[in-house]
Visitor: 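The following block contains the structure, expressed as C-alpha cells.
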Protein chains: 2
Amino acid sequence: MKRSSVETKAVILAAARERFAADGYDKATIRAIAADARIDPAMVMRYFGTKEKLFAAAAEFDLELPELAPDEAGAGLVRHFLRKWEADEGLQVLLRTGVTNEAAAERMRTIFGGQVMPLVLGLTGDPERAPLRASLVASQLLGMALSRYILKFPPMVAATEEELITWLSPTIQRYLIE
Amino acid sequence: MKRSSVETKAVILAAARERFAADGYDKATIRAIAADARIDPAMVMRYFGTKEKLFAAAAEFDLELPELAPDEAGAGLVRHFLRKWEADEGLQVLLRTGVTNEAAAERMRTIFGGQVMPLVLGLTGDPERAPLRASLVASQLLGMALSRYILKFPPMVAATEEELITWLSPTIQRYLIE
DNA sequence: ATTGTAGGCCAACGCGTGTTGACATTCCAA
DNA sequence: TTGGAATGTCAACACGCGTTGGCCTACAAT
C-alpha cells in the first residue's frame, strides 16, 4: 500500500510525539517510532533527516496562554495548564527530555521565560521581580505535572481538576501578583 | 598500585553518584564511572555485579526530616530541603532518573510518601487529607529543585536561599497545615 | 504499453553499550 | 621461599542503536 508523502510524515510525527512523551529522548528509538507508524526506520530518516530534527519537530510547543482577569489569574492559569498538559503531548515531551538534555532544558527556559513573564508583567506592577515571579509560577506548575503525570504520586493522580485548582490557585495567585 | 577492597568500592560508589546525579541513569555509563574512579570497567562489575545494582547503591537516600515546630514548619522544611539537595547527591540522582525510569519513580514515591506524610500527620488534625497535603508539599519542593537545579531557570538560580524560603514558606505552610 | 518518479523496504555499516572470562600483578601467610 | 588469595587489567562477546545506499514496487503521465 502507498500513502501520500504528507500523510506519512504526519503519521511518523504523531508516533514520535507519543514515544518521546512516554519514554524521553533516549529510550524512544527510531526503530520503535517506525514500528508504531508501521513503516521502515529508513523512512523516518528520509522524512526528518536525523533523530534530533525529528525531536525538534515533535517538541514544537506553545503554551497559548489566554487573557486572564487579575483576580482569577491563579485559578485560570492552573486550569489552563492542566488542560494543556493533557491535550498536547508537547509539554510532556519537553519535561521528560529536559531533565537529561540541555537543548530541551533550553527550550523549557525559553517557553516559560518568554510566555509566563509577559503574563506576570501584565498583571503586576512589579517589573523588577517579574522574572523571579514567573519562575516561581513555573516551579509550582511543573512540580504539579511532575508529581501527577510523571512520578504519579497516588494522591495527585486521584485528585480532580477542581481539587487541584482549589489547592494551587492561591499559591499561583500570590506568586503572580501579591 | 593497589588499594583495599572497601576503599576501591567507596571510590567507585562516589564516582557513580556524581555521574548518575549529573547525567541520569542511561547517560552515566559504566565506562565513564570507571574512568572517573581510575579503574577498569570490569572492576565495577566485580564489586557491584550489575549496573542496576550499582544504581541502587548510588540512589540510597534518606530525607532525614527534623522535628519542626508547627508555626515554622514551612520555612524549616524549605530550608532543610534546599540544604539536603546541595549536600547529598542522592536526591538529584533520583530526580534525574525517576523521570524516565519506573523503578526510580517508585523510590521517589516511597521516600516522599513514607517520610513527608508522617510529618503532615504530626502537624495537622486532618488525617483524611494528609496524603494529598504531603503530595502538594512534594510537588512544590520538587518543582523548585527542578527549575533551580535541573532546568536552571536563571531567576531561580540567582535567588538566595533566604529569598526562596521567603517566597515558598507560606505555600508549604498552607499545604501542611491550613 | 512504456517509462519516470515518488514511496517504501532491506541489509548492512560503524559505534558504544553492559557484561564476561582469561590472564597479570601484588601482597600476605605458612 | 613459596603458594594462594585478593586486586586489577585486557580483549572480546553479543546486542541495540542511528544512519546509509541500493533495490524494489506501485502509480500516473505519456
Side-chain angles (χ1 to χ4, degrees), chain A residues 1-60 93 96-104, chain B residues 1-60 93 96-104:
Chain A
M1 190 173 69
K2 246 176 175 178
R3 286 177 288 200
S4 84
S5 173
V6 293
E7 202 178 342
T8 300
K9 196 166 176 179
V11 170
I12 294 174
L13 190 57
R17 287 173 77 86
E18 254 181 71
R19 281 283 178 177
F20 282 132
D23 300 339
Y25 186 82
D26 292 300
K27 292 183 151 157
T29 67
I30 296 280
R31 284 167 157 90
I33 292 167
D36 285 1
R38 268 172 252 283
I39 220 156
D40 192 272
M43 293 305 290
V44 179
M45 309 309 292
R46 232 234 245 307
Y47 282 110
F48 290 91
T50 268
K51 188 184 182 182
E52 277 198 28
K53 288 184 194 163
L54 173 62
F55 178 80
E60 210 69 56
V93 170
R96 274 248 157 75
T97 302
V99 167
T100 43
N101 179 304
E102 175 51 26
Chain B
M1 189 172 68
K2 243 176 175 179
R3 287 177 288 199
S4 82
S5 173
V6 294
E7 204 178 340
T8 300
K9 196 167 176 180
V11 171
I12 294 174
L13 190 57
R17 285 174 77 86
E18 254 182 71
R19 281 283 178 176
F20 282 133
D23 300 338
Y25 185 82
D26 292 301
K27 293 184 149 154
T29 67
I30 296 279
R31 283 168 160 89
I33 291 167
D36 286 2
R38 267 174 252 284
I39 220 156
D40 191 90
M43 293 303 290
V44 179
M45 308 309 292
R46 230 227 246 309
Y47 282 111
F48 290 91
T50 269
K51 188 184 183 183
E52 277 200 29
K53 288 184 194 166
L54 172 62
F55 177 80
E60 211 68 56
V93 170
R96 273 248 157 76
T97 301
V99 168
T100 44
N101 179 303
E102 175 52 26

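A, B, ... follow the sequence lines: proteins, then strands. Residue 1 opens every chain.
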Visitor: Mind calculating the distance between CE (B:M43) and C1' (C:dA24) to the nearest angstrom?
Guide: 13 Å

Visitor: Under a 4.5 Å cut-off applied to non-hydrogen side-chain atoms, are B:F55 and B:T50 in contact?
Guide: no

Visitor: Would you name the heavy atoms of A:T100 and B:G24 that are closest together and state the gap between them?
Guide: CG2-CA, 4.2 Å

Visitor: In this structure, how many angstroms lie between the P atom of D:dT25 and the CD1 atom of A:I39, rounded?
Guide: 17 Å

Visitor: Does A:R3 make a side-chain N or O approach to OP1 or OP2 of C:dG8 shorter than 4.0 Å?
Guide: yes

Visitor: The side chain of A:A42 lies closest to which of these nucleotides: C:dG18, C:dC10, C:dG21?
Guide: C:dC10

Visitor: Can you check the A:D26 CG to D:dC17 P distance for me, whole Å?
Guide: 11 Å

Visitor: How about B:I39 and B:T8: do any of their side-chain heavy atoms sit closer than 4.5 Å?
Guide: yes

Visitor: What's the separation between atom CD in B:E60 and atom CZ in B:R17, rounded to the nearest 0.5 Å?
Guide: 8.5 Å

Visitor: Is there a side-chain contact between A:S5 and the phosphate of C:dA6, meaning an N or O under 4.0 Å from OP1 or OP2?
Guide: no

Visitor: How long is the gap from CG on B:D23 to CG on A:N101, to the nearest 0.5 Å?
Guide: 11.5 Å

Visitor: Distance check needed: C:dG18 C1' versus B:F55 CZ, whole Å only.
Guide: 16 Å

Visitor: Given atom CG of B:D40 and atom C1' of C:dG21, what is their separation to the nearest angstrom?
Guide: 13 Å

Visitor: I need the residues from residues 27-36 of chain B with at least one non-hydrogen atom less than 4.0 Å from DNA chain D; give them sorted by number, or say none.
Guide: B:R31

Visitor: From D:dT19, C:dT20, D:dT9, pick the nucleotide closest to the side chain of B:M45?
Guide: C:dT20

Visitor: First locate atom OH of B:Y25, then atom OG1 of B:T97, and finally report the distance between them rounded to the nearest 0.5 Å.
Guide: 9.0 Å

Visitor: What is the distance from atom CG of A:D26 to atom NZ of B:K27, rounded to the nearest 0.5 Å?
Guide: 5.0 Å

Visitor: Does A:S4 make a side-chain N or O approach to OP1 or OP2 of C:dA6 shorter than 4.0 Å?
Guide: no

Visitor: If the helix axis at each end comes from five base pairs, how far does the helix from C:dA1-D:dT30 to C:dA30-D:dT1 deviate from straight, to 10°?
Guide: 20°

Visitor: B:P41 has a side chain; which of C:dC9, C:dT19, D:dG18 sits nearest to it?
Guide: C:dT19

Visitor: B:R46 has an atom CZ; how far is it from atom C1' of C:dT19, in whole Å?
Guide: 13 Å

Visitor: Strictly by side-chain hydrogen bond (donor to acceptor under 3.5 Å, both in side chains), give each pair with a member in residues 28-40 of chain A just once, sequence neighbours left out.
Guide: A:R19-A:D36

Visitor: Could you grab the distance from atom CZ of A:F48 to atom CG of A:L13, nearest 0.5 Å is fine?
Guide: 4.5 Å

Visitor: Is any side-chain N or O of B:T8 closer than 4.0 Å to OP1 or OP2 of D:dT7?
Guide: no

Visitor: Roughly, in whole Å, what's the span from CD in A:E7 to C1' in C:dG8?
Guide: 14 Å

Visitor: Quick one: pull up CD1 in B:I12 and CD in B:E7 and give me the separation to the nearest 0.5 Å.
Guide: 11.5 Å

Visitor: For B:K53 and C:dT19, what is the distance between atoms NZ and C1' respectively, to the nearest whole Å?
Guide: 13 Å

Visitor: So what does A:Y47 touch, heavy atoms closer than 4.0 Å: a base, only the sugar-phosphate, or nothing?
Guide: sugar-phosphate

